[in-house]
Amino acid sequence: MSVERYNPREMEPRWQKVWDDAQSFAASNDDPREPYYVLEMFPYPSGRIHMGHVRNYAMGDVVARYHRARGKNVLHPMGWDAFGLPAENAAIERKTHPGTWTRQNIAAMKTQLKSMGLSLDWTREIATCEPDYYQHQQALFIDMLAAGLITRKKSKVNWDPVDMTVLANEQVIDGKGWRSGAPVEQRELTQWFFKISDYAEELLSGLDGLTDWPEKVRTMQRNWIGKSEGLRLLFELLPAQTTAATSIEVFSTRPDTIFGASFLALSPDHKLTSELAANNPALTEFVAECHRLGTATEVLEKAEKKGVFTGLYVKHPVIEGATLPVYVANFVLMDYGTGAVFGCPAHDQRDLDFARKYDLPVLPVVLPPDGDAASFAVADEAFTDAGTIYNSQFLDGLSIDDAKRQAADYFAARSVDGKPQGKVEINYRLRDWGISRQRYWGCPIPVIHCEVCGTIPVAKKDLPVVLPEDVSFDKPGNALDHHPTWKHVNCHQCGGPATRETDTMDTFVDSSWYFARFTAPQAPTPTIPAVANAWLPVDQYIGGVEHAILHLLYSRFFTRAMKATGHVNIDEPFKGLFTQGMVTHETYKSPKGDWVAPTDIVLESQGEVRTARHLQSGEPITIGSIEKMSKSKKNVVDPDEIVAAYGADTARWFMLSDSPPERDIQWTEAGVEGASRFQQRVWRLVGETIALIGQSKSTVRENDDAEGLALRKIVHRAVQQVADDIEGLRFNRAVAQIYELTNALVRSAGIAGAAPATRLDALEQGVERLIQLIAPMMPHLAETCWEALGKTGLVADALWPEVDPAMLVDDSVTLPIQVNGKRRGEIVVPKGTPSAEVEQLVLSLEAIARMLDGKPPKKIVIVPDRIVNVVV
RNA sequence: GCGGGCGUGGUGGAAUGGUAGACACACCGGACUUAAAAUCCGGAGGGGGUAUCCCCGUGCGGGUUCAAGUCCCGCCGCCCGCACCA
């Protein structure tokens with residue numbers, strides 16, 4: 001019979017409407033079934049979805065639909081990370097309001113997402129730019145402020161003097177603002193901070209429990225938190241006229257090398273530096289030079305180690321009569337440790353570079369295991385490995401770790417300025433999270449500055465603090481600050497004049513708790529704790545690895561802060577995390593060297609050689625490297641065009657096939673064609689099966705012949721393995737299993753012309769289950785087939801097929817026979833055949849006898865039901 | 001520099017220490033067709049015998065084991081993250 005081609009363009013919108021009308025994917029907070037929360041990182045509403053979104057959401061949807069089929073109450077919501085800079089830039093360029101631009105983009109992207117057929121609960125949609133979201137964020141802020149989790153302090157920032165705003169490090173390129181091109185200045189600004197560093201230890205130790213996270217991400221967070229154990233050590237200053245200070249405190253993780261110390265170095269931002277610079281023009285100039293370098297990391301990396309001698313000396317803390325010069329050095333960071341270090345050039349590369357430049361002594365105090373104490377010397381490379389301490393009086397002969405402890409004890413017992421000279425301390429690299437942004441399009445910080453009452457939070461009854469609509473972006477800087485009236489208020493405490501805080505929050509705050517808001521998106525409080533606790537933590541979170549540190553760390557902190565303020569009662573927001581790879585595509589270049597879009601070329605192949613030429617001009621095009629899809633390289637493929645041409649199911653299927661989900665996937669036309677062909681193949685199989693069944697209606701479900709039983713086994717095995725693979729997020733393997741099952745079913749249908757009724761029944765049941773296996777991945781096709789097969793209800797509501805354990809075991813097994821580890825043959829034996837019997841069979845094999853050549857085997861290894869290895 | 005990951009056919013990739021290359025893409029051959037598309041069947045790691053057999057083969061070199069892509073040691077290459085963190 002001939003079957004009409006499956007037409008996704010017609011069927012996909014139809015099923016989307018059916019799901020919509022039935023509210024198939026709306027989750028109820030009162031549902032008694034086991035809850036399962038799957039979440040994909042919500043998008044920034046840039047205006048269009050890209051293939052990365054398609055991949056991300058296709059994966060999440062498979063998980064969501066699978067767990068629904070497993071009878072769980074699945075929460076699978078979607079929202080918009082809707083505040084941020086691009087909206088303001090668009091406002092400047094197009095003279096539209098950021099809100100208008102953002103809301104238009106949301107509408108457009110929502111249409112696109114809907115066309116993908118995702119099983120999303122749209123009744124819970126949230127957009128962080130709407131007051132009904134951010135008012136609750138303001139309430140959280142006020143609670144956290146009251147709980148002492150927020151502080152206001154001065155901090156050094158990258159300041160763009162033209163745009164009049166703070167820039168993140170990555171927005172500073174070669175010391176210049178990425179937009180304005182103006183040289184970036186370092187400024188001290190008073191900023192609001194979340195005290196994330198208070199949670200450094202907890203955030204670090206909590207990582208050990210996150211066993212369903214990629215090891216890579218946990219490692220990255222560990223490094224970011226950067227715990228180090230060391231000693232705070234006081235150095236006594238020799239009396240000097242230039243300062244009243246009597247000591248300098250340094251932090252060192254290597255107090256074992258104290259006898260190798262040859263100088264002290266202060267940060268340019270150390271308060272003693274500032275004091276000394278007041279009367280020292282050379283030092284003032286040096287500090288200014290350091291500041292001009294900015295904080296951009298690549299600049300700092302290349303900078304030469306430089307310093308200025310302060311004229312001060314400190315006493316060596318152990319060696320009687322010895323002194324060390326005090327420098328200000330450009331490589332000493334103020335916000336780590338104490339902003340001062342002692343330099344031990346022999347065992348630290350930076351100190352060595354510095355010592356060589358200023359001719360300071362280099363005395364080795366750690367001897368390499370194979371080193372000779374009399375001759376060992378450090379040249380251009382500091383020795384930082386393990387060894388034995390020497391040249392160090394009472395530390396001589398100790399290991400590094402023992403010497404650290406000895407030194408710590410020694411200094412703890414002595415005192416300087418009435419304090420212990422040394423104190424063991426744990427330091428973290430993690431700094432407090434500065435959230436102040438001089439921006440309009442963000443969540444207003446709910447604080448007022450009153451002349452009488454000081455800086456105080458807005459009263460909760462006065463929330464939300466709403467962004468004014470009538471803003472102008474004509475002037476650079478913060479449009480909120482420029483607004484003529486908005487910031488002027490009366491203090492709710494004293495009634496006197498006050499001004500609103502005009503800084504808004506970092507958009508990372510918005511995304512640090514949206515997962516909690518989804519559990520009760522219309523609640524009058526930020527969360528309904530009982531509801532949030534029932535859903536959270538998110539069982540499976542899926543997104544890009546680019547958020548491995550900031551977003552995920554902030555969310556982990558925020559969850560703890562919400563616990564401290566009574567909004568949730570959990571520590572970790574995301575139980576399972578999965579980071580998917582990027583979508584890549586070939587690049588194309590014209591003879592002139594310009595990038596050319598894939599839609600503007602024609603590919604040709606002769607044999608295995610592929611060439612390309614320009615669609616319009618016909619000029620030859622060079623096929624270039626495979627890169628992440630990006631507008632600048634023009635190698636993007638628009639999801640809309642793919643959906644229009646092939647349907648959403650094809651795009652989804654392709655995204656799940658072939659490449660392991662954590663790795664990059666290359667988008668190819670051939671791959672899409674293949675996915676589309678498979679879709680048609682399934683549709684044809686269903687059509688053929690219906691035709692076969694129609695000829696011979698059977699209800700017999702037993703007495704299978706061998707063929708029928710074999711087919712049933714294949715089906716049960718596939719159901720089991722696809723389930724295992726989806727649960728393990730190995731979508732590419734699940735797809736491969738489905739291909740195998742389909743091939744088996746197609747073969748079976750092909751030879752089923754005069755088959756007995758039981759075999760047709762096995763085929764029918766197999767096809768039915770195939771459709772269920774496909775349903776999480778190609779849901780529209782699955783619904784169409786389900787309906788065609790005459791099944792009642794939606795496949796989206798059907799429970800996952802049961803697996804009969806008896807169908808997973810075989811009663812006979814194929815044993816490969818190896819001779820000396822190389823396969824020489826195989827035998828088929830009943831399962832559980834005793835080893836002795838197997839041995840007889842093996843030795844009687846002609847091929848084995850030939851290999852033995854009449855000699856007795858040295859040894860026969862028999863792994864029951866697995867393999868036989870004959871050693872000769 | 002530190003940390004993590006990876007290296008398997010023409011390609012993407014499979015493989016609890018147990019038959020390496022599942023599945024797919026591309027390719028080649030055949031069937032159907034006036035022809036093409038679509039579809040179906042078949043082939044295929046390399047080399048040799050060209051039958052039903054043998055040798056080599058998972059970046060390179062060693063090792064453990066009856067058996068190694070997988071475990072251990074040492075190299076090489078690529079990718080990612082972090083980095084003046086004392």
Side-chain angles (χ1 to χ4, degrees), chain A residues 2 5 214-224 226-228 230-231 250-255 257 265 267 297-298 300-305 329-333 335-344 347-351 353-354 384 427-431 545-546 548-549 605 607-610 654 657-660 662-666 668-675 677-678 680-681 684 730 732-740 742-743 746-747 750 814-826 846-847 850 857-863 866-872:
Chain A
S2 80
R5 282 178 68 81
E215 191 53 49
K216 176 181 167 175
V217 174
R218 295 201 285 169
T219 304
M220 282 163 75
Q221 292 212 352
R222 267 188 208 108
N223 293 343
W224 187 263
K227 180 178 182 172
S228 67
L231 197 69
V250 306
F251 176 75
S252 173
T253 56
R254 294 295 303 273
T257 62
S267 161
T297 47
E298 66 245 62
L300 292 174
E301 255 168 67
K302 290 172 197 131
E304 190 192 359
K305 311 271 170 293
N330 62 352
F331 63 90
V332 182
L333 305 173
D335 41 15
Y336 189 81
T338 62
V341 300
F342 78 75
C344 177
H347 304 292
D348 184 291
Q349 193 58 48
R350 295 156 303 179
D351 297 346
D353 295 345
F354 192 79
T384 54
N427 252 296
Y428 299 91
R429 204 187 76 108
L430 181 66
R431 319 212 186 127
V545 73
E546 65 273 19
I549 297 175
S605 57
E608 284 175 12
V609 183
R610 296 168 65 240
F654 177 67
S657 312
D658 295 343
S659 280
E662 69 278 9
R663 265 190 243 175
D664 290 353
I665 191 169
Q666 190 193 345
T668 62
E669 193 67 15
V672 184
E673 296 280 359
R677 271 203 299 274
F678 177 68
Q680 297 296 343
R681 185 172 155 89
R684 271 197 313 276
R730 295 177 296 266
N732 58 321
R733 292 217 328 210
V735 165
Q737 296 290 349
I738 291 172
Y739 274 123
E740 272 186 86
T742 308
N743 289 344
V746 167
R747 224 173 292 127
T814 304
L815 290 184
I817 314 299
Q818 297 180 329
V819 176
N820 289 341
K822 279 181 192 164
R823 186 182 163 280
R824 296 296 174 189
E826 59 183 39
E846 201 250 329
R850 184 151 34 84
K858 207 159 140 194
K859 187 175 174 184
I860 300 183
V861 179
I862 298 174
V863 183
R866 286 225 72 125
I867 200 165
V868 179
N869 193 6
V870 182
V871 187
V872 301

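Source: prediction; values computed, not measured. Residue numbers start from 1 in every chain, and the chains themselves are labelled A, B, ... in the order their sequence lines are given, proteins ahead of strands. All heavy atoms count here, side chains included; hydrogens, waters and symmetry mates do not.
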Candidates B:rA26, B:rA22, B:rA86 - which lies nearest the side chain of A:Ala670: B:rA26

5' priority, RNA chain B, between A:Val861 and A:Lys216 [closest heavy atom]: A:Val861

Interatomic distance where CD belongs to A:Gln818 and C1' belongs to B:rG17 [whole Å]: 11 Å

Flag for A:Asn743-A:Arg681: side-chain donor and acceptor within less than 3.5 Å: yes

Closest to the A:Val341 side chain, choosing from B:rA86, B:rC82, B:rG18: B:rA86

Spacing between A:Gln737 atom CD and B:rC23 atom P, to the nearest angstrom: 10 Å

Rounded distance (Å) that lies between atom P of B:rC84 and atom CG of A:Asp353: 14 Å

B:rG4: syn or anti, per glycosidic angle within 90° of 0: anti

Pairing partner (Watson-Crick or G-U wobble, both distances under 3.5 angstrom) of B:rC32: none

Base-pairing assignment for B:rA44 (Watson-Crick or G-U wobble, both under 3.5 Å): none

Closest to the A:Val871 side chain, choosing from B:rC84, B:rU19, B:rC66: B:rC66

A:Asn869, nearest nucleotide to its side chain (from B:rA22, B:rA86, B:rG18): B:rG18

Per-nucleotide protein contact string for nucleotides 37-56 of chain B, where B marks a base within reach and S marks sugar-phosphate only (heavy atoms under 4.0 Å, - for neither): --SS-------------SSS

Whole-Å distance separating the CG atom of A:Asn427 from the P atom of B:rC85: 13 Å

Distances for protein N or O near nucleotides 11-13 of chain B N or O, under 3.5 Å:
unit_1	atom_1	unit_2	atom_2	d
B:rG12	O2'	A:Ser659	OG	3.0
B:rG12	N2	A:Asp658	OD1	3.0

Nearest-Å distance for atom pair CG/C1', residues A:Asp348 and B:rA83: 13 Å

Nearest-Å distance for atom pair CZ/P, residues A:Arg350 and B:rG1: 16 Å

Residue closer to the 5' end of RNA chain B, A:Asn223 versus A:Arg429 (nearest nucleotide): A:Asn223

Residue matched to B:rC6 through Watson-Crick or wobble contacts both under 3.5 angstrom: B:rG77

By side-chain contact (heavy atoms from CB on, under 4.5 Å) - contacts of A:Pro214 (at least two apart): A:Val217, A:Leu577, A:Thr579

N or O in side chain of A:Thr219 less than 4.0 angstrom from B:rG81 OP1/OP2: no

No-H, no-angle donor-acceptor pair, A:Arg254 side chain to B:rA86 base, under 3.5 Å: no

Under 3.5 Å on both distances, the Watson-Crick or G-U partner of B:rG12: B:rC23

For B:rU70, the Watson-Crick or wobble counterpart (both distances under 3.5 Å): none

Whole-Å distance separating the CZ atom of A:Arg823 from the P atom of B:rG21: 9 Å

Any A:Tyr428 side-chain nitrogen or oxygen under 4.0 Å from OP1 or OP2 of B:rC85: no

Residue-phosphate contact under 4.0 Å: A:Asn743 side-chain N/O, B:rA24 OP1/OP2: yes

